Asks: 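Following this message is one structure expressed as C-alpha cells.
In this text the structure is predicted, and so the values were computed from the model without any measurement. Quick note: numbers below take in every heavy atom, side chains included, and nothing from hydrogens, waters or symmetry partners.
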Amino acid sequence: MMVGKRHLDPSGTPSGPAAVPIYGFQPPVGTPYGLEVSTVEDFFAQHDDWPWNPPRPGRATFHYLIAVTEGELRHDVDHVTRTITPGQWLWVRPGHAQCWHPPGAARGTFILFEPDVLRPDLARLLAPLTAHDAPAVLSPHPDDTAWLQQTALQLLDEHRALGRRPLAIHHALRRSLLEALLLRLANSPGIAPTATATANTGRADRYGRFLDALELHFRELHQAADYAELLGCSVRTLSRTARDATGKPVRELIDERRLLEARRLLGAARWDARTVAGHLGFTDPANFGRFFRDRTGLTPAAFAARTRTDA
C-alpha cells in the first residue's frame, strides 16, 4: 500500500513537536499513472502500526478521497476532527494537515491520486472541488449517493484489473471513472457551481499552481520571490496574477494563509503560541505575537482563551 513510512520526504523529517512531515505519492511497484484505489479496511489491515498508532499528523502532496459506506470514520483535517458517516465523502487535499484515527467499523472505497492525473480541461472545471479551501466532508445530493458509490466500486474493480487489458486502456478507464466521479461530486452542496469555476480565471493555470505551492510551503516560504521561483515566473508576473484573481498582493495572500493556520492551531488544536510561532517560521515568538495581533486585534493567548470559552 502506498501510504507508508517510505513516503516521508527526507527534507520533511520532523525536527520538533510542531514539525509536520510531508509525504509524496509513492505507490507500489506496478501501479501506473499517479492513481491508486483500495478500501479503508484493506488500508488499515496492511498498516497496523502506522500512522495511527500512535496518531501522528502529516501532510501529503496528493489527494485522499474516501467514500464511507459502513460505520463511521474519524479523521483530523487541519487539526479539526471530522466524523464521516455512510453516504459522505472525506476529501483531504494536498497540503492539508491530517491525522488518522483507528478505523473502527468504517468501510468504504479509498482513492488516492496526484493532481496531474486530471486532464487540464477537467481540472479547470473541478477547481472549486479540488481547491484547498473546499469542504473536507462532502454530503452529496441524495440522488447522487448510490451512483457515486457504484462508480467508486467500478473504479476499484478496474484498478484491480491491472494486466487484463493493455496498460494504456486500463489507465484511460481508471482516469475516466475518476473524472466522472469527481464531476458528479462537484454537484455536492457547498461546492461552487461549475460556471463560476470557468469564469474564475484565478483558479486556473498559474494562480492555481501558486495556491498549490502556498499550501505546501507557507510554513517555510514567506516571500513572493520564493513562489515566483517555484513557478518559474517573475515576481511581477506572479503579482499581476494574484491581483487579477483576488485584488490582493502576493504577500497578503501568504500572510492570510499563515494567519489561518495560526488560528486553527491556537483554537481547535490548542497549541501554545511559542510552538505555533516556530511551526510557521517565526524565529522570535514576539514577532509572531505582533503579526497575529495586527491582523486580529487579539494576542495569541487572548484568541486561544476566547476560542476555548466559545467552544
Asks: Nearest heavy-atom pair of S38 and D42: which atoms, and what distance?
Replies: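 Heavy atoms of S38 and D42 come nearest at OG-CB, 3.6 Å.
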
Asks: I want to check something: taking the side chain as every heavy atom from C-beta on, are Q154 and E158 in contact at a cut-off of under 4.5 Å?
Replies: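 The answer is no; the side chains never approach within 4.5 Å.
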
Asks: For a side-chain contact (heavy atoms from CB on, under 4.5 Å) check, start with the C-alpha distance between L118 and L182, then their side-chain angles and the critical distance, and finish with the verdict.
Replies: CA-CA 10 Å; L118 303 176; L182 299 185; 3.8 Å; yes

Asks: Does the plane of the ring in Y64 sit parallel, tilted or perpendicular to the ring in H75? Use 30° and 60° as the thresholds.
Replies: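 Rings of Y64 and H75: tilted, 30 to 60°.
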
Asks: Given side chains that start at C-beta, do those of R74 and T83 come closer than 4.5 Å, heavy atoms only?
Replies: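 They are in side-chain contact.
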
Asks: Do the side chains of T275 and L265 get nearer than 4.5 Å, heavy atoms only?
Replies: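 Counting from C-beta outward, L265 and T275 never come under 4.5 Å.
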
Asks: Evaluate the ring planes of W100 and F110, with Trp represented by its six-membered ring, and classify them as parallel (under 30°), tilted (30 to 60°) or perpendicular (over 60°).
Replies: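 Answer is perpendicular, since the angle exceeds 60°.
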
Asks: Indicate yes or no: at least one non-hydrogen side-chain atom of E41 is less than 4.5 angstrom from one of E70.
Replies: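 Contact flag for E41/E70 side chains = no.
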
Asks: For the pair F210 and T241, evaluate side-chain contact (heavy atoms from CB on, under 4.5 Å) and give the outcome as yes or no after the intermediate values.
Replies: CA-CA 9 Å; F210 164 68; T241 299; over 6 Å; no

Asks: Taking L73's backbone N and O only, do any of them form a donor-acceptor pair with H101's side chain (distance below 3.5 Å, no angle check)?
Replies: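 Side chain of H101 to backbone of L73: no pair is present.
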
Asks: If you count the non-hydrogen atoms of other residues, nucleotides and ligands that lie under 6.0 Å from CZ in R165, is the total more than 12?
Replies: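 Count over threshold, so yes.
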
Asks: Can you check whether W271 and F288 have ring centres sitting under 6.0 Å from each other?
Replies: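 No, the ring of W271 stays outside the 6.0 Å limit from the ring of F288, centre to centre.
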
Asks: Does E229, at its CD atom, have more than 12 non-hydrogen atoms belonging to other residues, nucleotides or ligands within less than 6.0 Å?
Replies: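 No.
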
Asks: Mind checking the CZ-CG spacing from R206 to L211? Nearest 0.5 Å is all I need.
Replies: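 So the CZ of R206 and the CG of L211 are separated by 13.0 Å.
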
Asks: Return yes if some donor-acceptor pair links the side-chain N/O of E179 with the main-chain N/O of R119 below 3.5 Å, else return no.
Replies: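 Yes.
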
Asks: Please enumerate all residues that pass salt bridge (Lys or Arg N to Asp or Glu O under 4.0 Å) together with D144, with sequence neighbours excluded.
Replies: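 Scan of D144 (salt bridge (Lys or Arg N to Asp or Glu O under 4.0 Å), adjacent residues dropped) gives R184.
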
Asks: Which heavy atom in P285 sits nearest to a heavy atom in A277, and how many Å separate them?
Replies: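 In this case the closest contact between P285 and A277 is CA-CB, 4.0 Å.
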
Asks: Check whether any side-chain N or O of R257 sits under 3.5 Å from a backbone N or O of L214 as a donor-acceptor pair, and report yes or no.
Replies: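 No; judged by distance alone, with no hydrogens or angles, the pair does not exist.
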
Asks: Quick one: do V235 and L230 end up in the same hydrophobic cluster if we chain Ile, Leu, Val, Met, Phe, Trp and Tyr together by side-chain heavy atoms under 4.5 Å apart?
Replies: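 No, because V235 and L230 fall into different hydrophobic clusters, even though each may have its own neighbours under 4.5 Å.
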
Asks: Only one of L173, L183, L122, I111 clears side-chain contact (heavy atoms from CB on, under 4.5 Å) with L178; which?
Replies: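 Testing L178 for a side-chain contact (heavy atoms from CB on, under 4.5 Å) against L173, L183, L122, I111 leaves exactly one candidate, I111.
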
Asks: In chain order, what residues pass the side chain to side chain donor-acceptor pair (under 3.5 Å) check against D255, with sequence neighbours excluded?
Replies: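 D255: side chain to side chain donor-acceptor pair (under 3.5 Å) contacts with R251, R295.
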
Asks: Quick one, I191 with L138, criterion side-chain contact (heavy atoms from CB on, under 4.5 Å). Give me CA distance, side-chain angles, the key distance, then yes/no.
Replies: CA-CA 9 Å; I191 302 298; L138 299 174; 4.0 Å; yes

Asks: Does any non-hydrogen side-chain atom of T39 lie less than 4.5 Å from one of R107?
Replies: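 With C-beta onward as the side chain, the pair stays apart.
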
Asks: Atom CG in L253, atom OH in Y227: separation rounded to 0.5 Å?
Replies: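 With rounding to 0.5 Å, CG (L253) is 10.5 Å from OH (Y227).
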
Asks: Hey, which of V117, L162, L35 is the one that makes side-chain contact (heavy atoms from CB on, under 4.5 Å) with R174?
Replies: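 Testing each of V117, L162, L35 against R174, the sole residue satisfying side-chain contact (heavy atoms from CB on, under 4.5 Å) is L35.
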
Asks: Flag the pair E252 / T246 as yes when at least one side-chain heavy-atom distance between them is below 4.5 Å, and no otherwise.
Replies: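 No, their side chains stay 4.5 Å or more apart.
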
Asks: Can I get a per-line list of side-chain donor-acceptor pairs under 3.5 Å for residues 86-97, giving both atom names and the distance, sequence neighbours left out?
Replies:
| residue | atom | partner | partner atom | Å |
| --- | --- | --- | --- | --- |
| Q88 | OE1 | T85 | N | 2.9 |
| Q88 | OE1 | T85 | OG1 | 2.9 |
| Q88 | NE2 | S139 | OG | 2.8 |
| W91 | NE1 | H63 | ND1 | 2.9 |
| R93 | NE | L129 | O | 2.9 |
| R93 | NE | A131 | O | 3.2 |
| R93 | NH1 | W91 | O | 3.3 |
| R93 | NH1 | A134 | O | 3.4 |
| R93 | NH1 | P135 | O | 2.9 |
| R93 | NH2 | L129 | O | 2.9 |
| R93 | NH2 | P135 | O | 3.1 |
| H96 | NE2 | H132 | O | 2.6 |

Asks: If you compare all heavy atoms of P249 against all heavy atoms of R243, which two are closest, and at what distance to 0.1 Å?
Replies: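 Scanning both residues completely, I find the closest heavy atoms to be CB-NH2, 3.6 Å.
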
Asks: Taking all non-hydrogen atoms of both residues, which atom of L266 and which atom of A304 are closest, and how far apart?
Replies: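 Taking L266 first and A304 second, the nearest heavy atoms are O-CB, 3.6 Å.
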
Asks: Less than 6.0 angstrom from the centroid, inside 45 degrees of the normal: does R258 satisfy that with respect to the ring of F282?
Replies: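 Relative to the ring axis of F282, which defines the angle, R258 lies inside both limits.
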
Asks: Out of curiosity, L216 CG to L221 CG, how far, rounded to the nearest 0.5 Å?
Replies: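 If I round to the nearest 0.5 Å, the distance is 10.0 Å.
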
Asks: Write down the atom of F303, the atom of R263, and the distance for their closest heavy-atom approach.
Replies: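 In terms of heavy atoms, the two residues are closest at CE2-O, 3.5 Å.
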
Asks: Between F292 and T299, does the side-chain contact (heavy atoms from CB on, under 4.5 Å) criterion hold? Intermediate values first, please.
Replies: CA-CA 7 Å; F292 193 89; T299 65; over 6 Å; no

Asks: Is any side-chain heavy atom of L260 closer than 4.5 Å to one of D78?
Replies: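 Result no, sub-4.5 Å side-chain heavy-atom pair not found.
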
Asks: Sub-3.5 Å donor-acceptor pair from the side chain of R82 to the main-chain atoms of A136, do we have one?
Replies: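 No; judged by distance alone, with no hydrogens or angles, the pair does not exist.
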
Asks: Are I169 and L177 linked, directly or through other ILVMFWY residues, by side chains that come within less than 4.5 angstrom of each other?
Replies: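 Different clusters: I169 never reaches L177 through Ile, Leu, Val, Met, Phe, Trp or Tyr contacts under 4.5 Å.
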
Asks: From R274 CZ over to D284 CG, what is the distance, rounded to the nearest 0.5 angstrom?
Replies: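 The distance works out to 8.0 Å.
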
Asks: For the atom pair CG (L185) and CH2 (W147), what is the distance rounded to the nearest 0.5 Å?
Replies: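 Answer for the CG-CH2 pair, L185 versus W147, is 8.5 Å.
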
Asks: So, the side chain of H222 versus the backbone of L280: is there a donor-acceptor pair under 3.5 Å, distance only?
Replies: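 Yes; judged by distance alone, with no hydrogens or angles, the pair exists.
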
Asks: To the nearest 0.5 Å, what is the distance between CG on L259 and CD1 on I254?
Replies: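 So the CG of L259 and the CD1 of I254 are separated by 13.5 Å.
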
Asks: If you define the side chain from C-beta out and look only at heavy atoms, does anything of R175 sit under 4.5 Å from F113?
Replies: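 Counting from C-beta outward, R175 and F113 never come under 4.5 Å.
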
Asks: Determine the minimum heavy-atom distance between S239 and V250, stating which atoms define it.
Replies: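 Heavy-atom minimum between the residues: CA-CG2, 3.8 Å.
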
